[in-house]
Undergrad: 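This is the structure, below, for whatever I ask next.
Note that this is a predicted model, so its numbers are computed, not measured. If you read the sequence from its start, that first residue is 1, and numbering goes on from there.
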Amino acid sequence: MTAGEDLLWDASDKSTRTVPRLRRMAVSAGCLGLSGLALWGEPAVRWVAGAAVVYLLVEFAYWAWDGRRVVEARIVPGGADGRARLRLLHAGGRITEHDPDQVARVLVIYDNVDGSAKLRLRLRLRRRLRLRRKRLFFGRPGRPPVLATWRKACPRAGVEDRSARWGMPGIPD
């Protein structure tokens, strides 16, 4: 971290977890493939093949969604114009920079069980045709941030926090 940078969000796990996911996909596809071969003459083989295809599609969709999740958010000093920028590091390794005035809402959701928190970040994106579009970013679980830092860094944003709506499964809130 260089001088003048403020850490706003830091996720506990910053890895992409690609190897375990690929291993799990390969084992599952192999098991479903063997089941399909064992049931080749049966009418249930369509069901097994369909389940394998659906499973792989869901895994790929989750992989694409998880790669866009925010693992780190910082306020960095600006370049030539001197304005600070919001730098987001995504789980897939991509870095995006945004104007802090574009942040519409920051929501920190505290976990009821392990003391971690999740981030929901909504940005107002301006387009050439004056159409406004909002983009929602999800943060991986991490340490609860200091909300005063978010309020100082993004003064036009609504900064809120709340507890999760449910607790541990099987234990009433």
Side-chain angles (χ1 to χ4, degrees), residues 1-2 4-22 24-25 53-79 81-169 173:
M1 190 160 82
T2 62
E5 289 187 7
D6 286 332
L7 182 64
L8 298 174
W9 180 256
D10 190 26
S12 301
D13 181 20
K14 295 183 181 182
S15 67
T16 56
R17 298 185 292 240
T18 303
V19 173
R21 181 173 294 125
L22 290 177
R24 185 176 64 235
M25 288 172 55
V53 168
V54 167
Y55 174 75
L56 291 175
L57 289 175
V58 167
E59 278 290 334
F60 282 124
Y62 178 78
W63 175 73
W65 175 74
D66 189 48
R68 291 184 15 192
R69 290 174 74 181
V70 175
V71 295
E72 188 176 279
R74 294 181 184 273
I75 289 291
V76 295
D81 61 355
R83 295 184 55 169
R85 304 287 295 168
L86 175 66
R87 180 176 293 162
L88 302 176
L89 173 64
H90 301 270
R94 189 170 52 105
I95 296 174
T96 58
E97 287 195 2
H98 306 277
D99 185 7
D101 290 336
Q102 289 180 333
V103 178
R105 183 176 184 214
V106 177
L107 176 64
V108 177
I109 303 170
Y110 297 106
D111 193 324
N112 295 334
V113 179
D114 65 357
S116 66
K118 293 180 183 175
L119 175 71
R120 303 290 183 264
L121 183 66
R122 185 175 298 273
L123 297 178
R124 285 185 229 95
L125 300 178
R126 294 177 184 92
R127 294 291 181 164
R128 293 182 194 146
L129 301 174
R130 302 217 182 257
L131 298 175
R132 288 194 175 197
R133 198 177 115 209
K134 292 187 178 180
R135 177 123 189 232
L136 182 65
F137 291 99
F138 294 91
R140 279 193 178 163
R143 290 179 297 126
V146 178
L147 296 181
T149 310
W150 276 102
R151 287 185 180 106
K152 179 183 167 195
C154 307
R156 295 181 58 194
V159 180
E160 304 169 5
D161 63 338
R162 69 170 171 84
S163 294
R165 298 208 196 299
W166 55 86
M168 248 171 102
D173 285 63

Undergrad: I'd like to check the ring-ring contact (aromatic ring centres under 6.0 Å, His included) partners of Phe138; sequence neighbours left out, ordered by chain and number.
TA: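 Only Trp65 meet the ring-ring contact (aromatic ring centres under 6.0 Å, His included) criterion with Phe138.
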
Undergrad: Run the side-chain contact (heavy atoms from CB on, under 4.5 Å) test on Arg156 and Val103 for me, step by step, so that the C-alpha distance in whole Å, both residues' side-chain angles and the decisive distance to 0.1 Å come before the verdict.
TA: CA-CA 7 Å; Arg156 295 181 58 194; Val103 178; over 6 Å; no

Undergrad: Pairs in or reaching into residues 81-107: which pass ring pair (Phe, Tyr, Trp, His ring centres under 6.0 Å), with residues at least two apart or in two chains?
TA: His90-Phe137, His98-Phe137

Undergrad: With rounding to the nearest 0.5 Å, note down the distance linking CG in Leu86 to CH2 in Trp150.
TA: 5.5 Å

Undergrad: Using side chain to side chain donor-acceptor pair (under 3.5 Å) as the criterion, list what pairs up with Arg135, not counting sequence neighbours.
TA: none

Undergrad: Who pairs with Asp161 by side chain to side chain donor-acceptor pair (under 3.5 Å), at least two apart in sequence or on another chain?
TA: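 Once residues adjacent in sequence are excluded, the partners of Asp161 under the side chain to side chain donor-acceptor pair (under 3.5 Å) criterion are Tyr110.
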
Undergrad: Testing the basics here: between Gly139 and Arg69, what is the closest heavy-atom pair and its distance to 0.1 Å?
TA: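 Taking every non-hydrogen atom into account, O-NH2, 3.7 Å.
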
Undergrad: Can you sort out the partners of Ile95 under side chain to side chain contact (heavy atoms under 4.5 Å, CB included), two or more places apart, ordered by chain and number?
TA: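 In terms of side chain to side chain contact (heavy atoms under 4.5 Å, CB included), with neighbours along the sequence ignored, Ile95 is linked to Arg87, Leu89.
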
Undergrad: What residues, two or more places apart in sequence or in another chain, satisfy side chain to side chain contact (heavy atoms under 4.5 Å, CB included) together with Ala153?
TA: Leu8, Ile75

Undergrad: Rounded at 0.5 Å granularity, tell me how far CZ in Arg120 sits from CZ in Arg122.
TA: 11.0 Å

Undergrad: If a pair satisfies salt bridge (Lys or Arg N to Asp or Glu O under 4.0 Å) and one of its residues is in residues 142-155, list it, with sequence neighbours excluded.
TA: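 Listed once each, the pairs are Asp10-Arg143.
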
Undergrad: Which residues pass the side chain to side chain donor-acceptor pair (under 3.5 Å) test with Ser116, not counting sequence neighbours?
TA: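 Result, side chain to side chain donor-acceptor pair (under 3.5 Å) vs Ser116: Asp114.
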
Undergrad: Can you tell me how far CG of Leu119 sits from CG of Leu88, rounded to the nearest 0.5 angstrom?
TA: 8.5 Å

Undergrad: Can you give me the closest heavy-atom contact between Trp9 and Pro141, atom names plus distance?
TA: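 Shortest heavy-atom separation between Trp9 and Pro141 comes out as CZ2-C, 4.3 Å.
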
Undergrad: Of all residues at least two apart in sequence or in a different chain, which pass the side chain to side chain donor-acceptor pair (under 3.5 Å) check with Arg105?
TA: Glu160

Undergrad: What closest approach, in Å, do Pro100 and Ala84 show between heavy atoms, and which atom pair accounts for it?
TA: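 Nearest heavy atoms, Pro100 then Ala84: CD-O, 3.2 Å.
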
Undergrad: Between the side chain of Arg124 and the main-chain N/O of Asp101, is any donor-acceptor distance below 3.5 Å?
TA: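 At least one qualifying donor-acceptor pair exists.
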
